[in-house]
Amino acid sequence: MQVWTDVSQVPTAWGPSVVTLGNFDGVHRGHVAVLTRMVADARAVGAHAVAVTFTPHPAQVHRPLEAPPLLLGDADRLELLAGTGLDAALLVTYTLDFARQSPEEFVRRYLVDALHARTVVVGRDVRFGWQNAGDLTTMRRLGERHGFTVEVIEDVRPDDADEPGGYRRWSSTWVRELLAAGDVRAAADVLGRTHHVRGVVVHGDARGRELGYPTANLGHVAGMVPADGVYAGWLRRERRADGTLVPAAERVLPAAVSIGTNPTFDGHDRRVEAYVLDRTDLDLYDDEVALELVERLRPTLRFDSVEALLERMARDVEDVRAVLGLPRA
């Protein structure tokens with residue numbers, strides 16, 4: 001998939017295209033269903049399939065104090081979009097200047113002049129242009145003027161009524177609600193994959209190492225961090241900090257992931273850290289890693305003593321083994 005970060009990067013000979021617009025936060029099962037169908041439709045008419053998406057999320061520009069946490073960072077979002085078969089993604093930097101374009105200006109510059117849209121795929125609630133003045137009726141009118149058709153995508157819901165929340169459409173909002181409650185297993189049902197967060201491993205207090213459970217502490221975290229607690233999951237990495245590839249056998253490692261403030265030690269900073277089971281030899285500092293969160297084992301607890309904490313940590317590790325289907329030590 002080609003990725004452009006500015007409309008000027010689109011090749012002049014590009015097109016014709018089937019284009020869709022959206023934030024695609026999470027690239028959940030609803031997004032994937034729409035995009036894979038769009039790709040198939042584009043292939044059938046000999047057109048390119050293109051997604052126009054935005055960074056940062058428009059809500060972070062217009063309502064920064066109310067903006068929802070993002071489920072994915074840009075790199076992961078683009079990787080998942082590529083997995084749907086798209087030919088290209090135009091990642092537009094969303095600014096107030098960009099937002100001041102009229103609906104006509106946006107459609108003409110991005111969809112018509114740059115992407116040569118033959119079809120534009122939108123939801124019924126589409127809004128675009130200054131103060132969201134453009135809607136579905138506007139898009140259809142502009143399509144008649146500029147020579148593209150408009151295809152409306154209805155909400156996508158689980159086919160099986162027995163699935164969790166079978167009455168409800170798949171959405172990023174639904175995933176955020178589940179993650180805020182710590183229900184990463186249900187979130188995975190909506191996403192179609194295990195939720196993960198990503199970050200570079202930084203130095204912490206070294207308390208885990210002193211206790212016999214050395215942890216990889218993530219610095220700036222990309223992706224929505226779920227509710228505090230202890231989780232069973234996997235630590236994934238492909239390259240070391242020096243750019244060398246990690247051996248295949250070392251790329252996916254079972255982990256107990258702790259999210260919270262370490263109340264037993266009167267901590268205040270919320271942290272995301274992972275203990276790779278049975279490994280005290282790993283040097284992960286400065287490596288970028290992804291933590292896939294499979295199941296929440298328990299909430300964060302305050303223990304009356306280090307001994308009580310260690311006893312519970314040993315139980316947590318065994319619970320992680322059970323969840324991940326690993327043999328007991």
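The structure presented is a predicted model; accordingly, all values stated were derived computationally and were not measured.
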Novice: For Arg145, give me all partners under salt bridge (charged side-chain N to carboxylate O under 4.0 Å, His left out), at least two apart in sequence or on another chain.
Specialist: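 Arg145 satisfies salt bridge (charged side-chain N to carboxylate O under 4.0 Å, His left out) with Glu104 once adjacent residues are dropped.
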
Novice: Please determine whether a side-chain nitrogen of the Lys or Arg among Arg312 and Asp316 lies less than 4.0 Å from a carboxylate oxygen of the Asp or Glu.
Specialist: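 Here Arg312 pairs with Asp316 in a salt bridge, since their nearest N and O are under 4.0 Å apart.
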
Novice: Ring pair (Phe, Tyr, Trp, His ring centres under 6.0 Å): which pairs involve residues 214-259, sequence neighbours left out?
Specialist: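 Every pair satisfying ring pair (Phe, Tyr, Trp, His ring centres under 6.0 Å) with a residue in residues 214-259: there are none.
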
Novice: Under the ring-ring contact (aromatic ring centres under 6.0 Å, His included) rule, collect the residues that match up with Trp14, sequence neighbours excluded.
Specialist: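 Scan of Trp14 (ring-ring contact (aromatic ring centres under 6.0 Å, His included), adjacent residues dropped) gives Trp4, His48.
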
Novice: Quick one: does any side-chain atom of Thr36 pair with a main-chain N or O of Gly85 as donor and acceptor, under 3.5 Å?
Specialist: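 Flag not set: sc Thr36 to bb Gly85 has no pair under 3.5 Å.
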
Novice: Tell me whether Gln9 at atom CD has more than 12 heavy atoms from other residues, nucleotides or ligands lying less than 6.0 Å away.
Specialist: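 Check passes, neighbour count above 12.
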
Novice: Any idea which heavy atoms bring Ala59 and Pro68 closest together, and the distance?
Specialist: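 Scanning both residues completely, I find the closest heavy atoms to be CB-CD, 4.1 Å.
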
Novice: Leu235 and Val225: same hydrophobic cluster, using ILVMFWY side-chain contacts below 4.5 Å?
Specialist: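 Leu235 and Val225: one cluster.
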
Novice: Applying side-chain hydrogen bond (donor to acceptor under 3.5 Å, both in side chains), run through Thr215 and Glu273 and close with a yes or a no.
Specialist: CA-CA 6 Å; Thr215 59; Glu273 50 190 320; 2.8 Å; yes

Novice: So which of Asp189, Val190, Val184 actually passes side-chain contact (heavy atoms from CB on, under 4.5 Å) with Val175?
Specialist: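 The side-chain contact (heavy atoms from CB on, under 4.5 Å) with Val175 is passed solely by Val190 among Asp189, Val190, Val184.
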
Novice: Identify whether the distance between the nearest side-chain nitrogen and carboxylate oxygen of Arg176 and Asp25 falls below 4.0 Å.
Specialist: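 Yes, Arg176 and Asp25 are salt-bridged.
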
Novice: Do His146 and Val120 have side chains that approach each other closer than 4.5 Å (heavy atoms only, starting at C-beta)?
Specialist: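 No, every pair of side-chain atoms sits at 4.5 Å or beyond.
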
Novice: For a 4.5 angstrom cut-off between non-hydrogen side-chain atoms, does Phe128 reach Val107?
Specialist: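 A side-chain contact exists here, since the closest heavy-atom pair is under 4.5 Å.
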
Novice: So Arg239 and Leu245, do their side chains get closer than 4.5 Å, heavy atoms only?
Specialist: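 The answer is yes, as the side chains (C-beta and beyond) meet within the 4.5 Å cut-off.
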
Novice: Can you tell me how far CG of Leu191 sits from CH2 of Trp170, rounded to the nearest 0.5 angstrom?
Specialist: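 Trp170 atom CH2 to Leu191 atom CG measures 11.0 Å (nearest 0.5 Å).
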
Novice: Report yes if some heavy atom in the side chain of Gln60 is under 4.5 Å from a heavy atom in the side chain of Leu70; otherwise report no.
Specialist: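 They are in side-chain contact.
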
Novice: Taking the side chain from Ser17 and the backbone from Ala49, do they hold a donor-acceptor pair closer than 3.5 Å?
Specialist: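 No, Ser17 side chain to Ala49 backbone: no donor-acceptor pair under 3.5 Å.
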
Novice: Looking at side-chain heavy atoms only, is the closest gap between Leu179 and Leu71 below 4.5 Å?
Specialist: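 Leu179 reaches Leu71 side chain to side chain.
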
Novice: Kindly check if the number of other-residue, nucleotide or ligand heavy atoms within 6.0 Å of CD (Glu238) is above 12?
Specialist: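 Not buried by this count: 12 neighbours or fewer within 6.0 Å.
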
Novice: Test: side chain to side chain donor-acceptor pair (under 3.5 Å). Region: residues 63-76. Which pairs qualify, not counting sequence neighbours?
Specialist: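 Sorted result for residues 63-76: Thr55-Asp74, Asp74-Arg77, Asp76-His196, Asp76-Arg198.
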
Novice: Say whether Leu282 and Val200 are linked into one hydrophobic cluster, either directly or through other cluster members, by side-chain heavy-atom distances under 4.5 angstrom.
Specialist: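 Unlinked, Leu282 and Val200 end up in two clusters.
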
Novice: According to a 4.5 Å side-chain heavy-atom criterion applied to Ile, Leu, Val, Met, Phe, Trp and Tyr, with indirect links allowed, do Leu293 and Leu218 form part of one hydrophobic cluster?
Specialist: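 Cluster IDs for Leu293 and Leu218 match.
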
Novice: Can you list every side chain to side chain donor-acceptor pair (under 3.5 Å) pair that touches residues 112-121, not counting sequence neighbours?
Specialist: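 Side chain to side chain donor-acceptor pair (under 3.5 Å) check on residues 112-121 returns Thr119-Thr149.
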
Novice: Does Val10 form a side chain to side chain contact (heavy atoms under 4.5 Å, CB included) with Gln2? I'd like the steps, not just the answer.
Specialist: CA-CA 9 Å; Val10 181; Gln2 296 191 49; over 6 Å; no

Novice: With no hydrogens and no angle check, is any side-chain donor or acceptor of Glu250 less than 3.5 Å from a backbone partner on Pro247?
Specialist: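 Not at all, since once roles are kept as given, no pair shorter than 3.5 Å links the two residues.
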
Novice: Once rounded to the nearest 0.5 Å, what's the spacing between atom CD1 of Ile153 and atom CG of Leu35?
Specialist: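 If we round to the nearest 0.5 Å, Ile153:CD1 and Leu35:CG are 9.0 Å apart.
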
Novice: According to a 4.5 Å side-chain heavy-atom criterion applied to Ile, Leu, Val, Met, Phe, Trp and Tyr, with indirect links allowed, do Val122 and Met38 form part of one hydrophobic cluster?
Specialist: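 Shared cluster, no.
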
Novice: Could you walk me through whether Leu178 and His195 pass side chain to side chain contact (heavy atoms under 4.5 Å, CB included), step by step?
Specialist: CA-CA 11 Å; Leu178 293 169; His195 177 66; over 6 Å; no

Novice: I'd like to know if Leu21 and Leu86 are part of one continuous hydrophobic network [Ile/Leu/Val/Met/Phe/Trp/Tyr, side-chain heavy atoms within less than 4.5 Å].
Specialist: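 Unlinked, Leu86 and Leu21 end up in two clusters.
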
Novice: Would you say Thr261's side chain and Asp269's backbone share a donor-acceptor pair under 3.5 angstrom?
Specialist: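 Checked: no pair found.
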
Novice: Evaluate the side-chain proximity of Thr137 to Arg140: yes if any heavy-atom separation is below 4.5 Å, no if none is.
Specialist: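 They are not in side-chain contact.
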
Novice: Which value, rounded to the nearest 0.5 Å, describes the distance between Glu177 atom CD and Ser171 atom OG?
Specialist: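 Going from the CD atom of Glu177 to the OG atom of Ser171 covers 7.0 Å.
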
Novice: Can you name the salt bridge (charged side-chain N to carboxylate O under 4.0 Å, His left out) partners of Arg43, sequence neighbours left out?
Specialist: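 Salt bridge (charged side-chain N to carboxylate O under 4.0 Å, His left out) list for Arg43, sorted by chain: Asp87.
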
Novice: Return all side-chain donor-acceptor pairs below 3.5 angstrom for residues 320-329, not counting sequence neighbours, or 'none' if the list is empty.
Specialist:
from   : atom 1 : to     : atom 2 : distance (Å)
Arg321 : NE     : Glu318 : OE2    : 3.1
Arg321 : NH1    : Asp278 : OD2    : 3.0
Arg321 : NH2    : Asp278 : OD1    : 2.8
Arg321 : NH2    : Asp278 : OD2    : 3.3
Arg328 : NH1    : Glu318 : OE1    : 3.1

Novice: In the structure I gave you, are the side-chain heavy atoms of Arg279 and Leu284 within less than 4.5 Å of one another anywhere?
Specialist: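 No, every pair of side-chain atoms sits at 4.5 Å or beyond.
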
Novice: Hey, does Val121 have a side-chain heavy atom less than 4.5 Å from the side chain of Arg37?
Specialist: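 No - every pair of side-chain heavy atoms lies 4.5 Å or more apart.
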
Novice: I'd like to check the ring-ring contact (aromatic ring centres under 6.0 Å, His included) partners of His28; sequence neighbours left out, ordered by chain and number.
Specialist: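 Partners of His28 under the ring-ring contact (aromatic ring centres under 6.0 Å, His included) test: His31.
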
Novice: Supply the atom-to-atom distance Arg141 CZ to Thr138 OG1, rounded to the nearest 0.5 angstrom.
Specialist: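 Atom-to-atom, Arg141:CZ and Thr138:OG1 are 5.0 Å apart.
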
Novice: Without swapping roles, check the side chain of Thr84 against the backbone of Val32 for a donor-acceptor pair under 3.5 Å.
Specialist: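 Pair absent, no side-chain N/O of Thr84 close to backbone of Val32.
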
Novice: Enumerate the side chain to side chain donor-acceptor pair (under 3.5 Å) contacts for residues 121-132, please, sequence neighbours excluded, ordered by first and then second residue.
Specialist: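 The answer is Arg124-Glu154.
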
Novice: For the atom pair CZ (Arg108) and OG (Ser102), what is the distance rounded to the nearest 0.5 Å?
Specialist: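 Going from CZ on Arg108 over to OG on Ser102, the span is 7.0 Å.
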
Novice: Just wondering, are more than 12 heavy atoms of other shown residues or ligands nearer than 6.0 Å to CD in Glu311?
Specialist: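 Incorrect, the count does not exceed 12.
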
Novice: Given the rule in the side chain to side chain contact (heavy atoms under 4.5 Å, CB included) test, do Val27 and Leu81 qualify, once you have shown the distances and angles that lead to the verdict?
Specialist: CA-CA 7 Å; Val27 194; Leu81 287 174; 4.2 Å; yes

Novice: Decide yes or no on side chain to side chain contact (heavy atoms under 4.5 Å, CB included) for Arg240 and Val246, but give the supporting numbers first.
Specialist: CA-CA 6 Å; Arg240 300 186 180 91; Val246 175; 3.9 Å; yes

Novice: Only counting residues at least two apart or in another chain, list the ones meeting ring-ring contact (aromatic ring centres under 6.0 Å, His included) with Tyr275.
Specialist: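 By the ring-ring contact (aromatic ring centres under 6.0 Å, His included) rule, Tyr275 matches Tyr213.
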
Novice: Distance from Ile259 atom CD1 to Arg270 atom CZ, nearest 0.5 Å?
Specialist: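 The CZ atom of Arg270 is 6.5 Å from CD1 of Ile259, to the nearest 0.5 Å.
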
Novice: Ignoring hydrogens and angles, write down the donor-acceptor pairs under 3.5 Å from the side chains of residues 89-100, residues two or more places apart or on other chains.
Specialist:
from  : atom 1 : to     : atom 2 : distance (Å)
Tyr94 : OH     : His62  : NE2    : 2.7
Thr95 : OG1    : Asp97  : N      : 3.4
Thr95 : OG1    : Phe98  : N      : 3.1
Asp97 : OD1    : Arg100 : NH1    : 2.8

Novice: Only counting residues at least two apart or in another chain, list the ones meeting side-chain hydrogen bond (donor to acceptor under 3.5 Å, both in side chains) with Asp41.
Specialist: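 None.
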
